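Below: the structure, in structure tokens.
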Amino acid sequence: LIDMEQWRKAESHLVTAARLRPKSTEIAINLAVARRPIDSKAAIAGLQDVLAVNPGHPAALTNLGAIYSDLGERDLALDCLRQALAAAPGNPQIKMDLANALSQFGDSREAKALYTEIAGESAPPKRFPALIALAAIAERDGDFVGAPPSAPEIACAISSCTAKMSTSSRSKFCDHNGKPLAASTSC
């Protein structure tokens, strides 16, 4: 139900599950996730309750960071996400969540470093979101210096698919037909 964004129905079922298993961390976290778009204060309280019993719980910290990020609470969001990553340093999704929050709050330097790390560590299907994020930061900041070699190709592919990239940026990486300038790749 959460995956289908049926928040109220998910909340109702999870409240029932929480009554049956009041000490379940997993149920409490899922209940907070279901409440996030409905009542962020209740979601925050639920996650803080989980953290009171399970300090440093990566999923609770990640979800709390996401809520604070939604609310524009930069310092709280980044603190939670950094704590989550410290608790689960090998988790690429938490690293991606932190990089996304950093990018959202305008810290391009640190976000680029994390995205580059993710792109270097991940297999191709999981690498693409990081490469796309790097291309988006480069486009936003107008600075492709230091972007990984594949970022121009990703930027070209994005521009070919969405036509959102400015003409001047597109011309840096794509020919007039929308093909990447790098001879070995294609959009």
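Note that the coordinates shown come from a computational prediction; the quantities given were computed from them, not determined experimentally.
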From CG (Asn30) to CZ (Arg35), nearest 0.5 Å
12.0 Å
For the atom pair CG (Asp70) and CD1 (Ile67), what is the distance rounded to the nearest 0.5 Å?
7.5 Å
Determine whether the side chains of Asn54 and Thr25 contain a donor N or O and an acceptor N or O closer than 3.5 Å.
yes
Side-chain heavy atoms of Tyr68 within contact of Asp75, under 4.5 Å:
no
Shortest non-hydrogen separation from Ala101 to Leu78 and the atoms involved:
CB-CD2, 3.8 Å
Shortest non-hydrogen contact from Ala34 toward Pro37
O-CD, 3.5 Å
Can you tell me how far CD1 of Ile94 sits from CZ of Arg82, rounded to the nearest 0.5 angstrom?
14.0 Å
If Ile, Leu, Val, Met, Phe, Trp and Tyr residues are connected whenever their side-chain heavy atoms lie under 4.5 Å apart, and connections chain through other members, are Leu76 and Ile29 in the same group?
yes
Go through Glu11 and Asp39 one step at a time and tell me if the side chain to side chain contact (heavy atoms under 4.5 Å, CB included) criterion holds.
CA-CA 11 Å; Glu11 178 188 32; Asp39 183 354; over 6 Å; no
Between Ala60 and Val50, which heavy-atom pair has the shortest distance, and what is it?
CB-CG1, 3.8 Å
Ignoring hydrogens and angles, state whether a donor on the side chain of Asp97 or Gln93 is under 3.5 Å from an acceptor on the partner side chain.
yes
Taking the side chain as every heavy atom from C-beta outward, state whether Asn91 and Leu85 have any atom pair closer than 4.5 Å.
no
Atom CZ in Arg109, atom CG in Leu102: separation rounded to 0.5 Å?
9.5 Å
Leu131 reachable from Ile137 in the ILVMFWY side-chain graph, under 4.5 Å edges:
yes
Can you confirm whether Gln104 sits close enough to Asn100 that some side-chain heavy atom of one is under 4.5 Å from a side-chain heavy atom of the other?
no
State the CZ-CG distance between Arg36 and Leu47, to the nearest 0.5 angstrom.
10.0 Å
Heavy-atom nearest pair, Ser69 first then Ala77, reads N-CB, 3.5 Å
Between atom OH of Tyr115 and atom CE of Met96, what is the distance when rounded to the nearest 0.5 Å?
5.5 Å
Over 12 non-hydrogen atoms of neighbours within 6.0 angstrom of CD in Glu26:
no
Donor-acceptor contact below 3.5 Å, side chain Ser103 vs main chain Ala99
no
Any side-chain heavy atom of Ile44 sitting closer than 4.5 Å to one from Leu71?
yes
Smallest separation among heavy atoms of Gln48 and Leu64, with atom names
CG-CD2, 4.4 Å
Under a 4.5 Å cut-off applied to non-hydrogen side-chain atoms, are Leu61 and Leu81 in contact?
no
Quick check: closest heavy atoms across Leu51 and Gly56, and the distance to 0.1 Å?
CD2-N, 3.9 Å
When you compare the side chain of Val53 with that of Lys23, does any pair of heavy atoms fall below 4.5 Å?
no
